[in-house]
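The next block holds one structure in the form of structure tokens; read it before the comments.
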Amino acid sequence: MSTHSITTKPFDGQKPGTSGLRKKVTVFQQPHYLENFVQAIFNSLDNFQGKTLVVGGDGRYYNDTAIQTILKMAVANGFGKILVGRNGVLSTPAASAVIRKYQAFGGIILSASHNPAGKDGDFGIKYNISNGGPAPEKVTEAIYTHTQTIKQYQIADFADINLSQINTIQQDDVVIQIIDSVTDYAELMAQLFDFDAIRTLLTSGTFSMKFDAMAAVTGPYAKQILENTLGAPQGTVMRGECLADFDGGHPDPNLTYAHDLVEIMFGKSAPEFGAASDGDGDRNMILGKRFFVTPSDSLAVLAANAHLVRGYQQGLAGIARSMPTSGAADYVAKALGIPYFETPTGWKFFGNLLDANKVTLCGEESFGTGSNHVREKDGLWAVLFWLNILAVRQQSVESILVEHWAKYGRNFYSRYDYEGVDAQAAEALIHNLRQQFSSLPKQQLGSYQVDFCDDFSYTDPIDNSVSTHQGVRIVFTDGSRIVFRLSGTGTEGATLRVYLESYEPDVTKHHMDAQIALAELIALAEQIAKIKTYTGRDKPSVIT
Ligand code: VG1
Ligand code: CO
């Protein structure tokens, strides 16, 4: 084999964010840009010679080009075996499942998740460790450090590999195995859920569902599992073909971007159940007939009903949620007598808790739910979990939620996103909030009194690593709260996220619209943070 050592120079800003490095495709297309980052990943790892690397991505534009480069670099750097999804495609949870099943050293996932794709869209890359989960901060920091000093990278010289067929190729000393993108993942789902019960539900004639794959990676997975295996009628999966530009869409499964599905689910002859997934298949949105389930509530419902589902019948070790996620799951954990944890935003913070068997279920308000079956959030898994619960309980989604709130109380919840705002203005807004930390406590603001405010900081209970500046919290004496954070996944300007939550034990108020229930807190967020003054925006771009 001939390998080359190519001389290069560092690029600024190759700092992984909430979930890897995300930039415009045109940035990744600069000569050496991708190569530098991949070499920096390898340089931050030890003792991987001869071991297995998993590679796959969400199929977006530039996926196929980048995969070929990564294969050549992995060969040159000394991996012994590379498992790659057919056509270079693996959803994020499927990649995690494959890393775990084949005990790989790690994996490289190519995805910018829900960010728009296409040649003018976004691209992304992240490294996952041997547990199948996103690299923890100490690894991403090491990668970043290497990007700042890199002088050369190693790349092997061989023709592009044909990835369109399941195949095993011997490339010099390295085995490159092209695996089916769906099979391993589908087998795992069949172990966790009662496929017979779900099949009976889906073919009963009295139940129907729609799954919106948003022209992104989950299409082939959903068609294989929901339609081919579980018997849902053809057409249950809409927008099921994974296109390189995601059909020009923004595959973020929420009420704004999944509007076609929302129209169906809130229309005249709405099905009983609707769901959507994002670009790389790790997020999910759950809808009932004319009914929206907030992701925070979805986590709580899964936890409260886990005993009905085969893979979780033995009980939950604990539940973890990201800090901005509502406390709904905490009430379930308390009732079950199991521990619960509050982590910073991003799935990498759940890995240690899952590995130490401190938690079984995890969730984020941003439409992410998952469990110890992989080390990523998992969109289709959440959909199957819901279907399994519906098959057992034989109730509507809405009635399950109404009963849940009656038992545990309702956490009214909403998130306001101000996308693409000026980055300096957003930093100034956060700075201004921090300036108020000493003056706000004890202040009476309308019917709310401020209890405390802080910058959320997390000490990992397993390795004691500390993560600071994870979001500004303003917490009121009744437990209601407003959280402000800047996104770590965007590629243009800044995105300000404002999270609003209040707890309502009174069952006579549970039917209220969340925007009405939270109206006073929403006004307070503006009053305290001066969002309009700083950003020039008088309303958010997305409300979830
Ligand atoms: C967002 C979400 C966060 C999620 C992350 C990655 O991050 O808020 O909860 O873990 O995306 O998800 P941020 O920093 O933009 O708020 V995915 O599906 O984009 O990989
Ligand atoms: Co995603």
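No experiment lies behind these values; they were computed from the predicted model shown. Counting starts at 1 for both ligands and their atoms, following the listed order.
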Compute whether any side-chain donor of one residue and acceptor of the other, for [X] and [Y], lie under 3.5 angstrom apart.
X	Y	answer
Asp297	Tyr413	no
Thr360	Asn372	no
Thr294	Ser296	no
Thr218	Ser277	yes
Tyr102	Asp184	yes
Asp278	Ser113	yes

Among all protein non-hydrogen atoms, which one is nearest to [atom], and what is the separation to 0.1 Å?
atom	answer
atom 12 (O) of ligand 1	Lys377 NZ, 2.8 Å
atom 7 (O) of ligand 1	Thr489 CG2, 3.5 Å
atom 9 (O) of ligand 1	Ser366 OG, 2.6 Å
atom 1 (C) of ligand 1	Arg283 NH2, 3.5 Å

Which of the listed options, Ser113, Ala112, Gly17, holds the heavy atom that is closest to atom 18 (O) of ligand 1?
-> Ser113
Per-residue contact class, [X] against ligand 1 - non-hydrogen pairs under 4.0 Å:
X	value
Arg415	side chain
Glu376	neither
Ser487	both
Thr18	side chain
Asp278	side chain

Below 3.5 angstrom, do we get any N/O pair linking [X] and ligand 1?
X	answer
Gly488	yes
Glu364	yes
Tyr499	no

Below 4.0 Å from any atom of ligand 1, is there a heavy atom belonging to Gly346?
-> yes
So is Glu419 close enough to ligand 1, meaning a heavy atom under 4.0 angstrom away?
-> no
Aromatic plane relationship, [Y] with [X] - under 30° parallel, 30 to 60° tilted, over 60° perpendicular:
X	Y	value
Trp347	Phe350	perpendicular
Tyr221	Tyr185	perpendicular
Phe193	Tyr312	tilted
Tyr416	Tyr418	tilted

Salt-bridge test for Lys23 and Asp122: reply yes if a basic N is under 4.0 Å from a carboxylate O, no otherwise.
-> no
Quick one: which ligand 1 atoms are inside 4.0 Å of a heavy atom on [X]?
X	answer
His114	19 (O)
Arg22	17 (V), 19 (O), 20 (O)
Arg485	13 (P), 14 (O), 16 (O)
Arg497	8 (O), 13 (P), 15 (O), 16 (O)
Ser19	6 (C), 20 (O)
Thr345	3 (C), 8 (O), 9 (O)

Worked verdict on Asn284 versus Thr369 for side chain to side chain donor-acceptor pair (under 3.5 Å) | CA-CA 8 Å; Asn284 72 93; Thr369 355; 2.8 Å; yes
Note on the Co ion (ligand 2): protein N/O/S atoms within less than 2.8 Å are Ser113 OG, Asp278 OD2, Asp280 OD1, Asp282 OD1
Side-chain heavy-atom pair Leu261, Met285 within 4.5 angstrom cut-off | yes
Can you tell if the side chain of Met238 reaches within under 4.5 Å of the side chain of Ile264, non-hydrogen atoms only?
-> yes
Please check if the distance between the ring centroids of Phe28 and Tyr62 is under 6.0 Å.
-> no
Taking only residues two or more places apart in sequence or in another chain, which ones pass salt bridge (Lys or Arg N to Asp or Glu O under 4.0 Å) with Arg537?
-> none
